J.: 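This structure is in structure tokens; I'll ask about it shortly.
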Amino acid sequence: MTATAIRPRSRARVRRRGVGGKLLTALTWVLAVVMFFPFFWMVLSGFKPEAAAVTSPPQFFFQPTLDQFAIAFDNNFLPYFINSVTASVASVLLVIALALPAAYALAIRPIRKWRDVMFFLLTTRMLPIAGAIIPIYLIANSLGILDRIVTLVILYTAMNLPLAVWLIRSFLIEIPMEVIEASRVDGANFFQQLTRVILPMVAPGLAATALLCFIFSWNEFFLARSLTSVDAQTVPLYLVSFISTKGLFWAKLSAASLLATLPVVIAGLVAQKQLVRGLSLGAIK
Amino acid sequence: MMIVVLIVTQLPFLITVYYSLTDWNLTTSSDGPVFVGFANYVEIFSEPEFLQAAGNTVVMTVGAVVVSFLLGLGLALLVNREFFGRGIARTLLITPFLVLPAATALLWKTSMFSASYGIINWVLSPLGLGPIDWLGQFPMLSVITILSWQWTPFFMLILLAGLQSEDPSIIEAASVDGAGPFQRFRHLTVPHLRPYSELGIVLGTIYILQTFDAVYLAAPGSATTNLPYYLYQRAFRGLEIGQASAMAVVVLIVTLIIASFGLRVASGLLKDAEGKRK
């Protein structure tokens, strides 16, 4: 018993420093490259002439060209891009403006039954949007706001609000009570307390929350597909329209996909450290 | 604020319940919904397409959650070690989660799975496998692959956070006491990871249950039609508001059952966070 227990331990030491460790590192890198490869392939194909993109075996070396990006822009990319930016940014601003006071009421000066409120908010995030699409569609139809960006702004705000409240609350409860008490003793009124003490301390948290909400809004497909048709279509629908007008031309599609994806990849890599916290609704630091 | 949330999120659900009890086709009945009781529910449960969509949803969700959880766990264990270029490897591994899901679906459909110039067939060709039309022959497997690629980073991140919160002195003490790596993993790391795994699985299930992009864009056939896509088809192509609403209610009930587990997990975490604060 003792002997079998000791042997793995000595093996563990070797693994940490010796050949085993190198093998595990190599394995990690191989898997990282495999996981990254499809995205890399999309980037690479975006710079290919169409004929070089659909060869078998695949080509890794070719004369790079920007033609596919030019075609994507000629195919009316900008209106979709502007719609996506408008819908995402407007909803993010609304979410932060609504979630900050709510989180304040749930963290700094907890209202009665704050726990129930937190769970009520969470249940709304668990509702599959497909389950509510019919009434949303009918309401939007009767209000005459189908195919309008404002509809997406309202819905993306509602979609991200629970996440934002949970997340901002998790940042707020990290502020030591003493700091808030001290500012109160120094004669700061509620508004000063909020703008001079609390806001600077949660600013990084708000930025992370905003980036996450931005990612979710930007990527949203189901609502955009169901509620817009011409004027308010967002970037994911650009890809759909691109296939239906241009067909499945892989190089052009890659360039278009890359343009559509880039803002979120950048936002995500900037917010990388906060990603876990956001995904776990602030539960994991 | 609360009122806004209440109106925006709960009202549509109540209206859905009402519509689910009516007969209302937008193309044929101009005079609005007619109350029919539970007829829609009886009808959808005797509809083979609905039952197949429900079955597909279960297979797709369970498959993608299991595969991405296991891959995510493996990668989290690997990335939790100190090694050269760890930050870069981590970034490479996170990227799939950040790619626009609609672009992901098209990327796999056109370039990875393609029968004529697809990367997967090219990689498998030395093994002597002929060109395979992945989406045509194995649509469900293909969709699960797409979803797993997309969601593995999610599980990796959550489990990695769990691994990094493990107290190294306990592990050290255990190895001094003669516990091997497997024993340490089995008796220390696994119980420590439990709440993280639960949270990841519950949240992952709720998100993956709602998959729409991958089915709609990559494999919109009957073998992969899941409930969100089926519902979309019924509501927007058939314009059968009453029946689609009844399906929506069924989807909601299934999600609520899963969500109630999720709430219990979240409740534990909320108490933990409070405990740390005091």
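Only heavy atoms go into these numbers, but all of them, side chains included; no hydrogens, no water, no symmetry mates. Chain letters run A, B, ... following the sequence lines, proteins first, then strands; residues in each count from 1. Every value quoted in this text rests on a predicted model; they were computed, and no experiment measured them.
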J.: So which of Val33(A), Leu138(A), Val235(A) has the biggest tally of heavy-atom pairs under 4.5 Å with chain B?
T.: Leu138(A)
J.: Side chains of Phe155(B) and Leu71(B), heavy atoms from C-beta outward: is any pair under 4.5 Å?
T.: no
J.: Which region of Tyr216(B), side chain (C-beta onward) or backbone (N, CA, C, O), has a non-hydrogen atom less than 4.5 Å from a non-hydrogen atom of chain A, or is it both or neither?
T.: side chain
J.: Within 45° of the ring axis of Trp29(A) and under 6.0 Å from its six-membered ring centre, is that where the NZ or CZ of Lys22(A) lies?
T.: no
J.: Any donor-acceptor pair under 3.5 Å linking the side-chain atoms of Tyr238(A) with those of Ser84(A)?
T.: no
J.: Are a donor atom and an acceptor atom from the side chains of Asp213(B) and Thr104(B) found within less than 3.5 Å of each other?
T.: no
J.: Looking only at heavy atoms and a cut-off of under 4.5 Å, which of Pro263(A), Pro38(A), Ala260(A) has the most pairs with chain B?
T.: Pro38(A)
J.: Check for me whether the distance between the ring centres of Tyr207(B) and Trp151(B) falls short of 6.0 Å.
T.: yes
J.: With a 4.5 angstrom heavy-atom cut-off, which part of Phe40(A) approaches chain B: side chain, backbone, both or neither?
T.: neither
J.: Using side-chain heavy atoms (C-beta onward) and a distance below 4.5 Å, is Leu217(B) in contact with Leu239(A)?
T.: no
J.: Side chain, backbone, both or neither: which part of Leu258(A) has a heavy atom under 4.5 Å from chain B?
T.: neither
J.: Checking heavy atoms, do the side chain of Ala53(A), its backbone, both or neither come under 4.5 Å from chain B?
T.: backbone
J.: Considering only heavy atoms and a distance below 4.5 Å, find which of Glu220(A), Met42(A), Gln272(A) pairs most often with chain B.
T.: Gln272(A)
J.: Working to the nearest 0.5 angstrom, can you tell me the gap between Ser88(A) OG and Phe216(A) CZ?
T.: 12.5 Å
J.: Any heavy-atom pair between the side chains of Ser226(A) and Tyr137(A) that's under 4.5 Å?
T.: no
J.: Do you know which of Ser165(B), Pro101(B), Ser114(B) has the most heavy-atom pairs under 4.5 Å to chain A?
T.: Pro101(B)
J.: Just checking Ile88(B): does its CD1 atom have more than 12 heavy atoms from other residues, nucleotides or ligands closer to it than 6.0 angstrom?
T.: no
J.: So for Leu75(B), is it side chain, backbone, both, or neither that comes closer than 4.5 Å to the heavy atoms of chain A?
T.: side chain
J.: Please state whether the side chain, the backbone, both or neither of Ile215(A) comes within less than 4.5 Å of a heavy atom of chain B.
T.: side chain
J.: Taking every heavy-atom pair that is under 4.5 Å apart, which of Pro236(A), Ser254(A), Ala267(A) has the most such pairs with chain B?
T.: Pro236(A)
J.: Is it the backbone or the side chain of Thr55(A) that comes under 4.5 Å from a heavy atom of chain B, or both, or neither?
T.: backbone
J.: Run the ring-ring contact (aromatic ring centres under 6.0 Å, His included) test against Trp149(B) and tell me which residues pass, sequence neighbours left out.
T.: Trp108(B)
J.: Please state whether the side chain, the backbone, both or neither of Ile158(B) comes within less than 4.5 Å of a heavy atom of chain A.
T.: both
J.: Mark yes or no for whether Arg225(A), through its side chain, and Phe212(B), through its backbone, hold a donor-acceptor pair below 3.5 Å.
T.: no
J.: Non-hydrogen atoms of chain A under 4.5 Å away: do they reach the side chain of Pro96(B), the backbone, both or neither?
T.: side chain
J.: With chain A as the partner, which of Leu227(B), Leu92(B), Thr91(B), Ile94(B) has the greatest number of non-hydrogen pairs under 4.5 Å?
T.: Leu92(B)
J.: Of the backbone (N, CA, C, O) and the side chain (C-beta and beyond), which part of Leu279(A) lies under 4.5 Å from a heavy atom of chain B, both, or neither?
T.: both
J.: Return the option, out of Leu93(B), Thr152(B), Leu78(B), Leu100(B), with the maximum number of heavy-atom pairs under 4.5 Å with chain A.
T.: Leu100(B)
J.: So which residue, Tyr18(B), Phe83(B), Phe84(B), Tyr19(B), ends up with the most heavy-atom pairs under 4.5 Å with chain A?
T.: Phe83(B)
